[in-house]
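Read through the structure below, which is laid out as structure tokens, and then see the notes.
Every chain is numbered from 1, with letters handed out A, B, ... down the list of sequences.
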2 protein chains.
Amino acid sequence: MENNIKIPKTRNGRATFNLIVDTTIDLFYKKGYFKTKIKDITDSAGIAAGTFYLYFPNKLSLYKYILMQFQHDIRRTIAESVSNVKGRFEKEKEGIKTFIQYSLDNPHAYNIIWESLYIDKKLFIDYYDGFAKRYERGLNPSIKDGEMHDVDTELVSYILMGVANFIGLKVLLDLGKNNDDIDEVVEQVMSIIKTGIFKD
Amino acid sequence: MENNIKIPKTRNGRATFNLIVDTTIDLFYKKGYFKTKIKDITDSAGIAAGTFYLYFPNKLSLYKYILMQFQHDIRRTIAESVSNVKGRFEKEKEGIKTFIQYSLDNPHAYNIIWESLYIDKKLFIDYYDGFAKRYERGLNPSIKDGEMHDVDTELVSYILMGVANFIGLKVLLDLGKNNDDIDEVVEQVMSIIKTGIFKD
DNA sequence: TCATATTATGAATTACTATTCATGTTTAAA
DNA sequence: TTTAAACATGAATAGTAATTCATAATATGA
């Protein structure tokens, strides 16, 4: 299938391109990938149906583009936050916290990324497997140093993703309610990850 | 939209009904809800296209039926396993373990249930909110008794679902690899939930 | 064995959506 | 101010899939 995006060459073109992307993110979030029709996108963006095909050969290529944007964005966000912290282990904790915080701040992203499982399993696997491996690399030294329990790092990687997942879930369900105590939620989650649920 | 399922009245009718359901579960799991066409279902089941509409008015009603089946199944499974255990707190742990084990044993269910988020958000919310509340009821007394850290039980509920979620994810990605050490995985996960990841 | 309800068929119809393309407008550089 | 490239339009076309329905087979039980 055709997959190539046409990068616009003028200021106007770029504006239309970005309008399509932003509008689509909103629709994918609200209605999901499959229920979002090209017509919905062009109508919401206020452009003609044909204009869509000036930049994207089909819906899937646009989805992939959006997925990559999120991937870059979240990695950049984590890298930035971590760069301000001293100490390898502290960096690791900060990374986890930022990851969770990101899920909290960007339910759009969380929701759209997760749907890749139903759009193209390969996209999903690439996305999350990459993430898991990245965490594993960071966690292993912390165990060697005795800063962490001797847990299976692959499992922990997936647990962290599960936790971010649940956060996205919770934010989703809480939409409309009071969401002012975000820092508090992140703190609680970190504390649970740290010390566990049960006393021994 | 029409929503009523026609319950078959004869042995043959029931067989066809069940064939449709089982075939569909398999297809929803492999291809997802939206990519599964009615024609795919009837072809896979080896029945005529019209036969589908003898029992289900549309795909969504069938999906809802399947979702309910899973819901009942998992609740029954947990209730059963818990009934063999003495002590309220031990029961609670057994419930969590069974829940996780269930996700591990039934990636079909996990995958199909989760897709409800993209099919009809209301279905998703009802499903998981119900689960969260159920956990909360069980967890609160354990905190009062000092058997658990004083954590936000709503948060813990969602974490548990996130963890079950990640387990489903991991099983999904590992499909084809060696999955003999299932008990081992459940044990590890329980240990992490119990004592946390970091040492203090 | 007859009459009726139930189940099954699959071609035809209907509904919907993606995609194309002939035509027109805008932009920017020469 | 010309003109070629870029951008935009939306009606027309093409393709896919859901759903109906006239017809037929099968099962039940009186």
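B/Tyr55 has a side-chain polar atom (N or O) that falls below the 4.0 Å cut-off from OP1 or OP2 of C/dA8. Within the structure, a side-chain polar atom (N or O) of A/Lys6 is placed less than 4.0 Å from OP1 or OP2 of D/dC7. The shortest distance between the side-chain N/O atoms of A/Asn12 and the OP1/OP2 oxygens of C/dT27 is below 4.0 Å. In this structure, A/Thr10 reaches the D/dC7 phosphate: one of its side-chain N or O atoms is under 4.0 Å from OP1 or OP2. In this model, the phosphate group of C/dT7 is not approached by any side-chain N or O of B/Thr16 to a distance below 4.0 Å at OP1 or OP2.
Side chain of B/Lys37, nearest nucleotide from C/dT20, C/dT9, D/dA17: D/dA17. For B/Thr51, counting side-chain heavy atoms from C-beta on, the closest listed nucleotide (D/dT9, C/dT9, D/dA17) is C/dT9. In the set D/dG10, C/dT7, C/dA18, C/dA18 carries the atom at the smallest distance from any side-chain atom of A/Tyr53. Side-chain proximity of B/Lys9 to the nucleotides C/dT20, D/dT9, C/dT6 is greatest for C/dT6.
By the 6.0 Å contact criterion, NZ on A/Lys59 is enclosed, its count of non-hydrogen atoms from other residues, nucleotides or ligands being greater than 12. For CZ of B/Arg134, the number of neighbouring non-hydrogen atoms (other residues, nucleotides, ligands) closer than 6.0 Å is 12 at most.
For the pair A/Phe34 CZ and C/dA18 P, the computed distance is 12 Å after rounding to whole Å. One interatomic measurement links the two molecules: CZ of B/Phe56 to C1' of D/dT20, which rounds to 18 Å at whole-angstrom precision. As a whole-Å value, the separation of B/Ile38 CD1 from D/dT16 C1' is 14 Å. B/Lys39 has its NZ atom 17 Å from the C1' atom of C/dT14, to the nearest Å. One interatomic measurement links the two molecules: CD1 of A/Ile20 to C1' of D/dA8, which rounds to 11 Å at whole-angstrom precision. Between the CZ atom of B/Phe17 and the C1' atom of C/dA8 there is a distance of 16 Å, given to the nearest Å. Atom CZ of B/Arg14 is separated from atom P of C/dT6 by 13 Å (rounded to the nearest Å). Summarising the geometry, the separation between CG on B/Leu19 and P on C/dA8 is reported as 10 Å, rounded to the nearest angstrom.
Using a 4.0 Å heavy-atom distance criterion, A/Leu54 is classed as a base contact. Counting non-hydrogen atoms under 4.0 angstrom, B/Gly50 reaches a base of the nucleic acid.
Between A/Ile119 and A/Phe34, the closest side-chain pair of non-hydrogen atoms falls below 4.5 Å. Side-chain atoms of B/Tyr55 and B/Tyr65, non-hydrogen and from C-beta on, never get closer than 4.5 Å to each other. Side-chain contact between A/Pro8 and A/Thr16: absent, with no pair of heavy atoms (C-beta onward) separated by less than 4.5 Å.
When each of A/Phe52 and B/Ala49 is assigned the nucleotide of DNA chain D with its nearest heavy atom, A/Phe52 is the one assigned upstream, toward the 5' end.
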